[in-house]
Amino acid sequence: MFIALIGVDHKTLEWTQKYLQEVHGFILLQVCCDSQKEKTANDTKYFNSTATMIDYATERWQNNFVTPSLDSSSSVDFDLFLRRPFTLLVAVETTLANMMQNMQSIGHKNGHSFTINQFADFYDTTYKARRDKISQAHINIFNPYTNEQDYISLLHSVNLLDEQRLRPNWDTYFMELADLASQRSNCMKRRVGAVLTQDKRIVSTGYNGTPKGLTNCTQGGCPRCNNGVEQGFAECLCLHAEENALLEAGRTRIGDSAVLYCNTCPCLGCAIKIVQTGIKEVVYNQAYRVDDKTAQLFENATVSCFFTNFFTLIFTIYPLLTHLNLKRPTNNLMKQPPSDKSTTDDDSTQSSDEHDNPDDPDNKDDDSEATLSESEMVGEKRKRRSGSGSRSGSGRIVEEGIIYNHDIRFISFSFNPSIELVGAATKLGLTVTSDLTSSDLIIYESCQVELTQLSHPDNSVCQHWITDSAAANTTLPICLYNLNTSYDPNAFEDPALDIQPDSTSKYACWRTHPLVSPNEELVDALRVLKQDRIARDEKWNALAYTRALSMVKSFPHRIRSKDDILLSVPASDDEEDAASAASTYKHPRTPTKPVKNIGDKKIKAKIEEWLNYGRVYEAEKIRGSDMHSIYHSLYSIQGIGPKKAFELSRSGVRSVDELVDNGKITQDDATLAQHLNNSISRDEVERIANYVMGHARSLLAHPSYAICGGFRRAKPMSNDIDIIITQHGASVAQLNHFLVALTDSLQSTGFLTKLMRQVSLCVASNRRKEDHDYQSTMLGVVESSRKFGTSEGEHPQYRRLDVIVAKPASFHLEILSWTGSVMYERDLRSYVRRHKLKLNASSVYNDTTDEELDLSLVRSERHLLRVLRLPWIAPQYRNCD
DNA sequence: CGGCATACG
DNA sequence: CGTA
DNA sequence: GCCG
């Protein structure tokens, strides 16, 4: 792949280029004249012209290259560039404020400052010169951050290396053609296009409008459409795009494998015709809502109907989100419904005092005007819940927008731009989901006003997107509902109360860890050493490497010298401490203390080796050995852990196939292992979760749920699907029954193909002394097909699905427990142990008295962490392994 | 020199 | 011991 | 292997 970067802001361009080079190993190519060569780094290739550069890249087209356009003098000839099939044009932009600041900091370095007029001049000339190219880019990335680490997280979630952008798949190809066809529409109401294909060949195309020979609808040919009133369908003379495509093809040319691509979901009338002509597959653009009747008809007629993805979204969602007033309620939004005391018997009398935590900030009254009494909160909650039943159609559910509330964690969109959005949304502690029917749903009919009022200077695309959706009469593009407190939307979190993370802590749960480390090679080397220790059964040795690795990963910058990481941690304010550190390291002016978890003897030496030689010898040796790769392939099989994998590879087993031949495992096991090794796109995770929640909703009235695991940590790809479900007010018995019923329901449709474990709440076990409430889990394998958007193409894929049913009071603790990575979980528990608490996935105990703490007033994951005296770290920064 | 997360099958 |  |  060959990426050309275009943009105006130096810093954003530089960060992007650095990210591609350091994280993905791109090679930097530049067009420039000789005199410039000396100034820049040595691992760059220089060319006299775009043509020679492209020739160079063409010969090595399987490598990854990047070329920046940092200043107009060395700009690349993009037209030449775009002709090649392996090239990707990426535009990066930032806010005017950022750009101005970045230019000023450069100006300061050179000893002169910028006036705002000079900046405006620069912007006008540079931006206008590049505007056309920026709009032609394959991807437009908008960087709202001033901080590199945040931007890198966003970049990572964009998945720049996705080959699909270079060459669209068939679905995208035909859908784009359908969009093109819609441009020929002559209907006053809406542009619609359709493409009918057979064996990947186009049979016919269609767009909507009046029949041949009649005056075009746009010229007044259809009285109904030109009336402007949504009535009189019988009088409409327009043919729909789908009808036109079908008529054009004629019955005889529509075979068994015909696929119809529509850029909107077909109406019921068209659906009937589609079924009758024998078409078995309909693909529509996901930006539009499925018509319920159409969906039903297709299901009865076994026509598979699903939507496709596009990469046309522009990453400007962040400014949109930040412009929503997420901070404070305004008075006009705070019309409270009458409080409902009857539901608050137990809630209102309790406080968090019993956590033995007198300085718990929750005991202080919030000084904000937004503070609600418990009774009001419950009243509000009930009202909202009763509304959520009447979701579809009008969508006027919540008259007072929850949008003002801090505790909004879920944002849902009527279409599914997940990957593009999640990077931005998670920055706000928001999690993206596509479920529209969860309880406490807040759809923003009322929000429309707010959204359309957003006018960010860099935000024209968003505006467009909103107005388009409104014009197309689709569900409003944005609706918000609550994540962390699915069943208590009024939980109010004030960031001022948050405990701050500390990057020098020995506990991973106190530190933030980027999704992708700028020191990935070193992290990888440490991972190899860790794996090696595990294989050798050196458990504690392995743990030490895991800890060191996590420590390195919490370092947000590229480590350049050993002072960077081994000494540079600022000493504490404690003077004595600082003095002793100073004498130890003989740097009296810059007192430092050693980094935790990186010991003086072994691991520090490995890191220094990496710094000096760019590699760790022992890791290289292990990596290069046959044993290592065989060990890994065996390890990937369910039921074969480190011990067995090590034993087998040592006893001369060469491959997984050999195990199958020997009858040690079945072919099915091997295939399953292969399937489970494939990672799952966010999109697919969401669709599978939606499907599961569909079943859940037929069993529970208003389930609350969260997708956890790597998905919640904003990873672009997941290994499995983790869903936590609860229902406000449900008893343990009801939840137990629910889990069994859900399992049956998923099995009966053939979706759940293998059940690996089913545990219920309150199981009696001889290992447990008391009858505590434990989590209830269902671990299984499901068959994911094309309708879930499997990236592997036509064939069904097996995916691991974990469903956890939590009792309501443990919901947030369960979310916490299923969101952290392994190191986060470990350190969470060792930390609370030191504070005389004991933690498992569903309850908190006093470690000495074994008394269980009541979590029923815990309003969110964030709140829970505060109670545990731990900082709340946004999920995307919990990737510490 | 003890501790290092916790639980289920 | 393997897995979440 | 590292921390306290």
Side-chain angles (χ1 to χ4, degrees), chain A residues 504-509 526 529-530 532-551 566 593-607 618 634-648 665 669 673 676 708-710 718-724 755-769 772-781 800-804 810 813-814 816-834 837-845 847 868 880-881:
Chain A
T504 69
S505 168
K506 65 175 280 205
Y507 295 101
C509 56
L526 293 172
L529 294 171
K530 168 191 163 185
D532 175 70
R533 305 300 190 264
I534 293 173
R536 292 171 196 283
D537 205 10
E538 292 169 13
K539 188 180 172 187
W540 302 120
N541 191 329
L543 177 61
Y545 275 100
T546 313
R547 290 225 153 99
L549 184 160
S550 180
M551 205 70 212
L566 300 180
K593 62 179 181 184
V595 173
K596 299 284 178 196
N597 296 324
I598 296 176
D600 262 342
K601 295 197 186 84
K602 304 275 185 169
I603 296 185
K604 189 170 157 188
K606 302 270 192 255
I607 295 180
E618 195 190 350
L634 298 176
Y635 196 3
S636 71
I637 289 170
Q638 286 278 314
I640 298 184
K643 296 282 175 328
K644 224 174 273 177
F646 182 71
E647 266 317 304
L648 287 171
I665 60 168
D669 289 339
L676 298 185
C708 296
S718 301
N719 298 320
D720 65 354
I721 302 104
D722 302 306
I723 311 173
I724 300 185
L755 186 60
M756 297 160 82
R757 192 205 303 179
Q758 198 179 29
V759 191
S760 294
L761 288 152
C762 286
V763 235
S765 158
N766 52 8
R767 228 180 295 176
R768 252 175 261 138
K769 285 171 202 135
H772 292 310
D773 290 334
Y774 281 79
Q775 80 210 16
S776 150
T777 59
M778 187 278 282
L779 314 183
V781 176
R800 281 280 289 103
L801 170 72
D802 299 339
V803 176
I804 297 94
S810 312
L813 182 50
E814 295 276 7
L816 178 65
S817 302
W818 287 79
T819 300
S821 55
V822 174
M823 222 38 239
Y824 186 91
E825 294 299 321
R826 285 190 135 158
D827 284 353
L828 190 69
R829 291 179 167 84
S830 41
Y831 178 81
V832 298
R833 256 304 164 82
R834 242 188 39 183
L837 291 175
K838 193 167 145 55
L839 204 67
N840 66 31
S842 59
S843 25
V844 183
Y845 308 94
D847 196 22
L868 297 173
C880 19
D881 302 324

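Order of the sequence lines fixes the chain letters, A, B, ..., with proteins taken first and strands second; residue numbering starts at 1 for each chain. Heavy-atom basis, side chains included; hydrogens, waters and symmetry copies ignored.
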| Under a 4.5 Å cut-off applied to non-hydrogen side-chain atoms, are L529(A) and I603(A) in contact? | no
| said: Here's a test of your reading of the structure: between V822(A) and M756(A), which maps to the more 5' nucleotide of DNA chain B? | reply: V822(A)
| query | At under 4.0 Å, does any side-chain N or O of N541(A) touch on OP1 or OP2 of dG1(D)? | reply | yes
| message | Given dA5(B), dA4(C), dC2(D), identify the nucleotide with an atom nearest to the side chain of K602(A). | response | dC2(D)
Contact list (N/O, under 3.5 angstrom) for nucleotides 1-4 of chain B vs protein:
none

| What residues form a side chain to side chain contact (heavy atoms under 4.5 Å, CB included) with S821(A), not counting sequence neighbours? | R713(A), Y824(A), C880(A), D881(A)
| Between N840(A) and dA7(B), does any side-chain N or O lie under 4.0 Å from OP1 or OP2? | yes
| request: Please measure how far the P atom in dA5(B) lies from the corresponding atom in dC3(D), and state the result in whole Å. | output: 15 Å
| message | How many whole angstroms separate atom OH of Y845(A) from atom C1' of dT6(B)? | response | 11 Å
Could you list the donor-acceptor pairs under 3.5 angstrom formed by side chains in residues 641-648 of chain A, with sequence neighbours left out?
residue: K643(A); atom: NZ; partner: D537(A); partner atom: OD1; Å: 2.9
residue: E647(A); atom: OE1; partner: R650(A); partner atom: NH2; Å: 3.2
residue: E647(A); atom: OE2; partner: R650(A); partner atom: NH2; Å: 3.4

| Any side-chain N or O of R800(A) less than 4.0 Å from the OP1 or OP2 oxygen of dA4(C)? | yes
| said: Tell me the interatomic distance from Y831(A), atom OH, to dC3(D), atom C1', rounded to whole angstroms. | reply: 16 Å
| Is the side chain of R533(A) donor-acceptor paired with the backbone N or O of E538(A) at a distance under 3.5 Å, no angle test? | no
| note | In whole angstroms, the gap separating P of dC2(D) from CE of M823(A) amounts to 14 Å
| query | Is the side chain of S550(A) donor-acceptor paired with the backbone N or O of T546(A) at a distance under 3.5 Å, no angle test? | reply | no
| task | Measure from CD1 on I804(A) to P on dT3(C) and round the result to the nearest Å. | result | 18 Å
| message | Between dA4(C) and dC4(B), how many Å separate the two P atoms, rounded to a whole number? | response | 24 Å
| task | Tell me whether the OP1 or OP2 atom of dG1(D) has a side-chain N or O from K530(A) closer than 4.0 Å. | result | no
| Is there a side-chain contact between L828(A) and L816(A), using heavy atoms and a 4.5 Å cut-off? | yes
| Check: K506(A) main-chain N/O paired with N597(A) side-chain donor or acceptor under 3.5 Å | yes
| message | Applying a 4.0 Å non-hydrogen cut-off, can you work out what I640(A) is touching in the nucleic acid: base, sugar-phosphate, or nothing? | response | sugar-phosphate
| field | N/O donor-acceptor pair under 3.5 Å between R800(A) side chain and G780(A) backbone | value | yes
| message | With a 4.0 Å cutoff (strictly under), does any side-chain N or O of R533(A) reach OP1 or OP2 of dG1(D)? | response | yes
| query | Reckon R834(A) touches a base, only the sugar-phosphate, or nothing at all at heavy-atom distances under 4.0 Å? | reply | nothing
| field | Selection from dC2(D), dC1(C), dT3(C) that lies nearest to any side-chain heavy atom of Y635(A) | value | dT3(C)
| If you look at every strand shown and take non-hydrogen atoms under 4.0 Å, does K539(A) touch a base, only sugar-phosphate, or nothing? | nothing
| field | Spacing of R829(A) atom CZ relative to dA4(C) atom P, expressed in whole Å | value | 16 Å
| request: Using a heavy-atom cut-off of under 4.0 Å over every strand shown, decide if I534(A) touches base, sugar-phosphate, or nothing. | output: nothing
| said: Which nucleotide wins on minimum distance to the side chain of K643(A), given the candidates dT6(B), dA4(C), dC1(C)? | reply: dC1(C)
| message | I need the CZ-P distance between R757(A) and dA4(C), as an integer number of Å. | response | 8 Å
| said: Does E538(A) reach a base, just sugar-phosphate, or nothing at all? Heavy atoms under 4.0 Å. | reply: nothing
